[in-house]
Trainee: 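My questions will all concern the structure given below.
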Amino acid sequence: MAKILVTGGTGYIGSHTAVELHNAGYEVVIVDNLSNSNIKILNQLHAITGKWFDFHEIDLQDEKAVQEFAENHNDIDGIIHFAASKAVGESVEKPLKYYKNNFYGLINLLISFNRKINFVFSSSCTVYGQPDTLPVTEAASVQKAESPYGNTKQIAEEILAETAAVTPDLSVIALRYFNPVGAHETALIGELPNGIPANLVPFITQSAIGKRGPITVHGNDYDTPDGSAIRDYIHVVDLAKAHVAAIKKLEDGNPNGNYDVFNIGTGKGSSVLEIIAAFEKVNGEKLDYKIGPRRAGDIVQIYGDVQKANNELGWKANLDINEMMRSAWEWEKYIKTNPF
């Protein structure tokens with residue numbers, strides 16, 4: 001049984017990926033500094049899987065701590081690296097926080113695990129900026145980043161590609177994923193933002209349950225059919241399964257070499273207003289929303305061509321917008337009665 005380190009494993013995507021790795025027969029080790037997650041997620045993971053995951057509270061910016069962890073865990077076969085600051089808006093306001101956290105953590109991992117290792121990196125469609133053509137493929141040029149967050153993903157990919165080029169024992173897949181939403185079918189884990197959510201769907205669910213005021217649609221004057229921004233939304237469970245597929249691809253040996261990138265999405269764009277309408281329809285809840293100004297760092301629209309992931313990873317998104325909105329609402333109702 002291969003042992004996989006999941007950094008940021010008590011976070012939103014990391015926790016769902018830990019479940020899917022477990023379901024696929026992997027042994028999972030979680031590292032998280034709990035800066036944007038909750039230790040109680042470990043109880044939730046146990047409730048879902050019956051397994052108590054090996055957990056270590058470590059800040060990846062701490063070079064000595066990461067080095068000691070690596071020395072004491074020389075049986076780790078692969079790393080899935082989620083741990084990073086991730087809010088576009090906050091990155092515009094606090095760029096140095098993003099550069100420090102997102103680079104130090106990655107570099108410390110690569111230095112400390114300087115041996116044969118499979119490495120899956122949590123990248124983002126933000127590396128494309130506002131693409132020239134849609135749907136965007138992996139062959140598209142990387143545009144100037146629209147935010148410091150996006151820039152950290154671009155530079156991190158460069159760090160990984162350049163390191164892999166001179167490190168035959170390092171095998172890397174960067175997953176450029178689109179907008180993860182939804183929650184596990186049990187409603188025991190889901191997105192748990194600290195403070196006011198920076199992402200659309202958790203703000204929708206918190207507004208619907210009365211925790212927030214009206215939803216602000218950031219701009220209705222974009223060059224899109226209904227004027228609101230368009231994104232490719234993907235269910236978090238489908239996204240988690242993509243990481244398992246990437247680890248398996250690296251274990252089997254990637255014919256494309258020891259560095260590769262894949263788009264992970266549904267291949268279809270949905271506007272902010274379409275997401276609001278889908279939530280209302282599926283859950284029978286009327287949402288209160290208003291139109292506000294555009295948000296710094298946002299692009300007009302993006303959705304991906306995911307044929308490469310479909311064909312080469314043997315992976316495909318199966319859960320639609322309706323299931324995304326249904327599961328997100330079930331999670332919100334769960335945490336109202338079972339607060340973290």
Side-chain angles (χ1 to χ4, degrees), residues 4-9 11-14 16-17 36 60 78-88 91 98-99 101-107 109-110 117-131 135-165 170-181 199 231-234 236 238-247 249-250 254 256-267 297 299 302-309 312-313 315 317:
I4 307 298
L5 168 64
V6 181
T7 72
Y12 178 39
I13 307 170
H16 286 81
T17 300
N36 195 35
L60 296 182
I79 298 171
I80 301 180
H81 181 43
F82 294 108
S85 301
K86 61 173 185 164
V88 170
S91 78
Y98 278 67
Y99 290 124
N101 189 34
N102 293 7
F103 292 149
Y104 281 24
L106 173 62
I107 292 167
L109 279 175
L110 292 173
I117 202 84
N118 294 324
F119 197 104
V120 177
F121 177 63
S122 167
S123 193
S124 168
C125 65
T126 57
V127 302
Y128 298 118
Q130 179 60 69
V136 62
T137 73
E138 291 87 351
S141 61
V142 172
Q143 305 277 9
K144 177 175 171 54
E146 299 281 338
S147 67
Y149 163 74
N151 202 28
T152 66
K153 292 301 185 184
Q154 291 182 2
I155 297 171
E157 284 195 11
E158 292 172 1
I159 290 169
L160 285 163
E162 291 166 0
T163 304
L170 176 65
S171 298
V172 180
I173 285 178
L175 298 182
R176 293 173 174 171
Y177 40 83
F178 290 75
N179 291 54
V181 297
N199 296 330
R231 299 289 183 269
D232 185 343
Y233 294 90
I234 177 172
V236 66
D238 279 334
L239 178 56
K241 290 177 178 178
H243 291 80
V244 178
I247 281 289
K249 181 75 169 177
L250 293 174
N254 188 357
N256 297 334
N258 67 333
Y259 180 80
D260 206 355
V261 298
F262 292 88
N263 285 341
I264 303 296
T266 63
I299 60 173
I302 189 167
Y303 49 95
D305 184 319
V306 293
Q307 292 183 68
K308 183 180 179 185
E312 297 184 23
L313 294 182
W315 168 91

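The basis for the numbers below is simple: all heavy atoms, side chains too, and nothing from hydrogens, waters or symmetry mates.
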Trainee: Any sub-3.5 Å donor-acceptor pair from K144's side-chain atoms to N151's backbone N or O?
Mentor: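 It does not hold such a pair.
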Trainee: Under the criterion side-chain contact (heavy atoms from CB on, under 4.5 Å), which of N179, V306, I264 is the partner of I234?
Mentor: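 Exactly one pass, corresponding to I264.
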Trainee: Give me the one residue out of I117, I173, V172 that meets side-chain contact (heavy atoms from CB on, under 4.5 Å) with L250.
Mentor: I173
Trainee: Are the side chain of Y98 and the backbone N or O of G150 linked by a donor-acceptor pair below 3.5 Å?
Mentor: no
Trainee: Kindly indicate whether the side chain of T266, heavy atoms from C-beta on, has any atom under 4.5 Å from the side chain of F178.
Mentor: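 No, every pair of side-chain atoms sits at 4.5 Å or beyond.
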Trainee: How about R176 and S123: do any of their side-chain heavy atoms sit closer than 4.5 Å?
Mentor: yes
Trainee: Look up atom OH in Y99 and atom OG in S85, then write down how far apart they are to the nearest 0.5 Å.
Mentor: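 That separation rounds to 12.5 Å.
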Trainee: Is the shortest side-chain heavy-atom distance between Y149 and S124 below 4.5 Å?
Mentor: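 Touching, per the 4.5 Å side-chain cut-off.
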Trainee: So how far is it from L160 CG to I107 CD1, rounded to the nearest 0.5 Å?
Mentor: 9.5 Å
Trainee: Using every non-hydrogen atom in the two residues, find where V136 and P131 come nearest and quote the distance to one decimal.
Mentor: CG2-CB, 4.0 Å
Trainee: Checking the side chain of S147 only, and the main-chain atoms of V88 only, is there a donor and an acceptor separated by less than 3.5 Å?
Mentor: no
Trainee: Look only at the side chain of K308 and the backbone of V261, and say whether a donor-acceptor pair between them is shorter than 3.5 Å.
Mentor: yes
Trainee: Looking only at non-hydrogen atoms, find the nearest pair between L239 and P180 and report the distance.
Mentor: CD2-CB, 3.6 Å
Trainee: Could you measure the distance from the CZ atom of F119 to the CD1 atom of I80? Nearest 0.5 Å is fine.
Mentor: 10.0 Å
Trainee: Side chain of T7, backbone of F82: donor and acceptor closer than 3.5 Å?
Mentor: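 Looks like yes, one N/O pair under 3.5 Å.
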Trainee: What heavy-atom pair brings D232 and G304 nearest, and what distance separates the two atoms?
Mentor: OD2-N, 3.4 Å
Trainee: Measuring from atom OH of Y177 to atom CD1 of I13, what distance do you get when rounded to the nearest 0.5 angstrom?
Mentor: 4.0 Å
Trainee: Side chains of H243 and L175: closer than 4.5 Å at any heavy-atom pair?
Mentor: yes
Trainee: Any non-hydrogen side-chain atom of K86 less than 4.5 Å from a side-chain atom of T152?
Mentor: no
Trainee: V127 and Q154: which non-hydrogen atoms are nearest, and at how many Å?
Mentor: O-NE2, 3.2 Å
Trainee: Mark yes when over 12 heavy atoms from residues, nucleotides or ligands other than Q307 sit less than 6.0 Å from its CD; otherwise mark no.
Mentor: no
Trainee: Could you measure the distance from the CG atom of L106 to the OG atom of S122? Nearest 0.5 Å is fine.
Mentor: 11.0 Å
Trainee: I'd like to know whether OH of Y104 has more than 12 heavy-atom contacts from other residues, nucleotides or ligands below 6.0 angstrom.
Mentor: no
Trainee: Please check this pair: side chain of K241 against backbone of W315, looking for a donor-acceptor N/O pair closer than 3.5 Å.
Mentor: no
Trainee: Looking only at atom types and distance, does a side-chain atom of Y303 sit under 3.5 Å from a main-chain N or O of Y233, one as donor and one as acceptor?
Mentor: no
Trainee: Measuring only between side-chain heavy atoms, which start at C-beta, is K249 closer than 4.5 Å to D260?
Mentor: no
Trainee: Using a 3.5 Å distance criterion without hydrogens, assess whether the side chain of N258 forms a donor-acceptor pair with backbone atoms of L170.
Mentor: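 Yes, because the side chain of N258 sits within donor-acceptor range (under 3.5 Å) of the backbone of L170.
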Trainee: Side-chain contact, heavy-atom cut-off 4.5 Å: L110 with I159?
Mentor: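 When only atoms from C-beta onward are counted, I159 and L110 do touch, with a gap below 4.5 Å.
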Trainee: To check you understand the geometry: which heavy-atom pair defines the closest contact between P148 and S91, and what is its length?
Mentor: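 Shortest heavy-atom contact: CG-O, 3.1 Å.
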Trainee: Is the shortest side-chain heavy-atom distance between H81 and V120 below 4.5 Å?
Mentor: no
Trainee: Going from CD1 on I299 to SG on C125, what distance comes out if it is rounded to the nearest 0.5 angstrom?
Mentor: 6.0 Å
Trainee: Is it the case that the side chains of Y128 and N263 hold a donor-acceptor pair, with the cut-off being a distance below 3.5 Å and no angle test?
Mentor: yes
